[in-house]
S.K.: 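If you scroll down you'll find the structure; I have some questions about it.
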Amino acid sequence: MKAKKPSEMTLEELQKKEKMIQAAIYSLVALNIILLIAVIFLFTKKGFSALFVVPFSMVPIIIVNSNSLKEIRKEITLRNS
């Protein structure tokens, strides 16, 4: 199943998707902060670990979601004006 482009969605779908992506971004950022704190704690106690890369590997997911959110908000403002 291919994802619809924002221009192909209805206004209600766009608003629903905007809320969902915004919640996902907030959750990912919060989890990323918690993971970063945990990794720093583990680094000070045990030294370098492979878990050190996990918080940094989540950053591209946050960036992709924020870009998608920008596109959706842009489409919503275009339709409302």
Side-chain angles (χ1 to χ4, degrees):
M1 184 170 135
K2 190 173 181 179
K4 290 183 182 179
K5 294 180 181 179
S7 60
E8 299 171 349
M9 295 180 181
T10 64
L11 188 60
E12 293 82 23
E13 288 176 328
L14 286 171
Q15 291 170 340
K16 185 177 177 181
K17 190 145 183 135
E18 177 188 22
K19 288 180 184 179
M20 183 179 60
I21 291 175
Q22 191 172 10
I25 289 172
Y26 288 146
S27 300
L28 285 171
V29 168
L31 284 172
N32 210 14
I33 290 170
I34 292 168
L35 281 171
L36 191 59
I37 292 169
V39 165
I40 291 171
F41 177 74
L42 286 173
F43 182 74
T44 58
K45 295 291 181 185
K46 295 186 179 184
F48 184 76
S49 173
L51 291 175
F52 190 71
V53 297
V54 173
F56 300 108
S57 65
M58 289 177 61
V59 172
I61 298 170
I62 295 170
I63 293 171
V64 167
N65 280 333
S66 63
N67 288 339
S68 177
L69 185 62
K70 286 179 189 177
E71 288 179 17
I72 289 172
R73 286 184 175 163
K74 182 178 176 183
E75 185 68 28
I76 289 173
T77 55
L78 284 173
R79 292 187 186 186
N80 286 335
S81 58

S.K.: Can you see which heavy atom on L28 is nearest to which on N65, and at what distance?
M.R.: CD1-ND2, 3.6 Å
S.K.: Filter on salt bridge (charged side-chain N to carboxylate O under 4.0 Å, His left out), then keep only pairs touching residues 59-76, sequence neighbours left out; what's left?
M.R.: E18-R73, E75-R79
S.K.: Does V64 offer a backbone N or O that forms a donor-acceptor pair with the side chain of S68 under 3.5 Å?
M.R.: no
S.K.: Hydrophobic side-chain clustering at under 4.5 Å (ILVMFWY, transitive links): who's grouped with I63? Put none if nobody.
M.R.: V59
S.K.: State, to 0.1 Å, how close N32 and P55 come at their nearest heavy-atom pair, and which atoms those are.
M.R.: OD1-O, 2.8 Å
S.K.: Do you reckon L11 sits in the same ILVMFWY cluster as I21, going by side-chain contacts under 4.5 Å, direct or chained?
M.R.: yes
S.K.: Provide the full list of ring pair (Phe, Tyr, Trp, His ring centres under 6.0 Å) pairs with a residue in residues 7-31, sequence neighbours left out, each pair given once.
M.R.: none
S.K.: Going by the rule side-chain contact (heavy atoms from CB on, under 4.5 Å), which residues pair with T10 if we only count those two or more places apart in sequence or in a different chain?
M.R.: E12, E13
S.K.: Do you know which two heavy atoms are closest between P6 and I72, and how far apart they sit?
M.R.: CG-CG1, 4.3 Å
S.K.: Identify every side-chain donor-acceptor pair in residues 35-50 under 3.5 Å, counting partners at least two apart or on other chains, and give the distances.
M.R.:
residue: T44; atom: OG1; partner: I40; partner atom: O; Å: 3.4
residue: T44; atom: OG1; partner: F41; partner atom: O; Å: 2.7
residue: S49; atom: OG; partner: L51; partner atom: N; Å: 3.3

